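What you are looking at is a predicted structure, and each value in this text was computed from that prediction instead of being measured.
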Amino acid sequence: MGHLDHATFGWLTPALSYAMACIGAALGLRCTVRALGATGHSRRNWLVTAASAIGTGIWTMHFVAMLGFGVSGTDIRYDVPLTVLSLLVAMVVVCAGVFAVGYGRDRTRALLIGGLTTGLGVASMHYLGMAAVRLHGDVSYDPMRVGLSVAIAVVAATAALWAALNIKSPVAVTLASLVMGAAVSSMHYTGMFAVHVEVTPSGESLPGATAMQFIFPLAVGLGSYLFLTSAFVALSPTTGEREASASAQQADSAAAGRRQARTA
């Protein structure tokens with residue numbers, strides 16, 4: 001059996017992947033809070049942004065962590081279509097969970113359904129991403145650890161959606177994001193510790209792209225998207241700020257009308 005190393009670059013990839021999970025969670029929570037205070041197209045747009053942020057954060061966390069994954073005795077390549085498909089799965093399932101919470105009338109039922117759907121989707125993303133791994137040998141999994149990783153994903157997703165419904169203040173969102181980032185990272189590494197690889201030495205070239213050829217540029221691009229979207233959300237006025245601005249404009253208009261009436 002090949003020796004598996006989950007941190008070939010030391011603590012760099014685990015720490016960076018955790019940071020990406022936290023950023024995606026924080027941005028998703030802030031967007032969901034904005035969505036719950038909006039209506040119509042504005043609510044839909046905020047929910048889509050929330051889903052894309054959380055899905056991107058989870059996927060980027062997974063594959064940044066995978067940059068540190070190595071197996072002695074074999075090179076590693078990634079199937080590009082399957083890797084991209086895992087990103088789409090992350091986006092779609094998180095979107096389904098977020099919309100279930102954002103539009104559900106029965107909050108409890110929506111939370112349970114959304115948490116289960118999103119958790120299973122996140123686990124599917126993880127194992128679909130692992131299915132994209134190409135190496136010289138056979139990959140197998142410990143069923144108990146796989147089941148534990150799926151359970152962690154469901155609990156983490158449910159907790160994230162609960163936080164989106166109940167946590168409003170920036171400080172609370174930050175704390176919740178740190179916890180959610182830890183939960184997502186725990187799910188990933190629990191799933192990775194379920195992996196066993198029987199290496200079959202071979203001189204044949206592996207199909208697919210290396211992590212640095214494909215995963216790294218894509219992760220950098222998605223990470224940049226998260227940072228830019230964070231800046232956009234931070235600079236966008238909240239519902240309360242828009243209402244206060246509208247009230248101030250109405251007050252100014254009323255005052256101007258009274259002045260005109262007095263001078264007439």
In this structure, would [X] and [Y] fall into the same cluster of hydrophobic residues linked by side-chain contacts under 4.5 Å?
X: V133; Y: L206; answer: no
X: L87; Y: V80; answer: yes
X: V92; Y: L128; answer: no
X: M125; Y: Y141; answer: yes
X: L112; Y: V155; answer: no

### Query
Are R134 and L82 close enough, and set up right, to give a side chain to side chain contact (heavy atoms under 4.5 Å, CB included), and what steps lead you there?
CA-CA 11 Å; R134 299 289 179 263; L82 269 181; 3.8 Å; yes

Looking only at non-hydrogen atoms, find the nearest pair between [X] and [Y] and report the distance.
X: G70; Y: I76; result: CA-CD1, 3.9 Å
X: T32; Y: G28; result: OG1-O, 2.7 Å
X: G97; Y: T118; result: CA-OG1, 3.2 Å
X: V199; Y: S72; result: CG2-O, 3.6 Å
X: A90; Y: G55; result: CB-O, 4.0 Å
X: G115; Y: T158; result: CA-OG1, 3.3 Å

### Query
Which residues satisfy the side chain to side chain donor-acceptor pair (under 3.5 Å) test with T60, sequence neighbours excluded?
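So T60 forms no side chain to side chain donor-acceptor pair (under 3.5 Å) with any residue.
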
#### Entry: Set of side chain to side chain donor-acceptor pair (under 3.5 Å) partners for T210, sequence neighbours left out
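T210 satisfies side chain to side chain donor-acceptor pair (under 3.5 Å) with Q213 only.
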
Between [atom1] of [X] and [atom2] of [Y], what distance do you get to the nearest 0.5 Å?
X: T108; Y: L111; atom1: OG1; atom2: CG; answer: 7.0 Å
X: F193; Y: D142; atom1: CZ; atom2: CG; answer: 12.5 Å
X: S177; Y: I23; atom1: OG; atom2: CD1; answer: 10.0 Å
X: I58; Y: M91; atom1: CD1; atom2: CE; answer: 10.0 Å
X: M20; Y: H62; atom1: CE; atom2: NE2; answer: 14.5 Å
X: I152; Y: T190; atom1: CD1; atom2: OG1; answer: 3.5 Å

So, does [X] use its side chain to make a donor-acceptor pair with the main chain of [Y] at under 3.5 Å?
X: T74; Y: H136; answer: yes
X: S149; Y: V146; answer: yes
X: Y18; Y: L178; answer: yes
X: S17; Y: P14; answer: yes

### Query
Would M130 and V195 count as a side chain to side chain contact (heavy atoms under 4.5 Å, CB included) if you check the C-alpha gap in whole Å, the side-chain angles of each, and the deciding distance to 0.1 Å?
CA-CA 9 Å; M130 288 303 298; V195 176; 4.0 Å; yes

Find out whether [X] and [Y] are in side-chain contact, i.e. whether some heavy atom of one side chain is under 4.5 Å from a heavy atom of the other.
X: W59; Y: L88; value: no
X: H188; Y: V64; value: no
X: M61; Y: S185; value: yes
X: L27; Y: C31; value: yes

### Query
Would you say M212 has more than 12 foreign heavy atoms packed within less than 6.0 Å of its CE?
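Yes, CE of M212 has more than 12 neighbouring heavy atoms, counting only those of other groups under 6.0 Å.
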
### Query
Going through the distances and angles, do L29 and M180 end up as a side chain to side chain contact (heavy atoms under 4.5 Å, CB included)?
CA-CA 11 Å; L29 288 178; M180 287 164 55; 3.7 Å; yes

### Message
Applying side chain to side chain contact (heavy atoms under 4.5 Å, CB included) to Y103 and R43, what does each step give before you reach the verdict?
### Response
CA-CA 9 Å; Y103 286 102; R43 170 173 286 199; 3.8 Å; yes

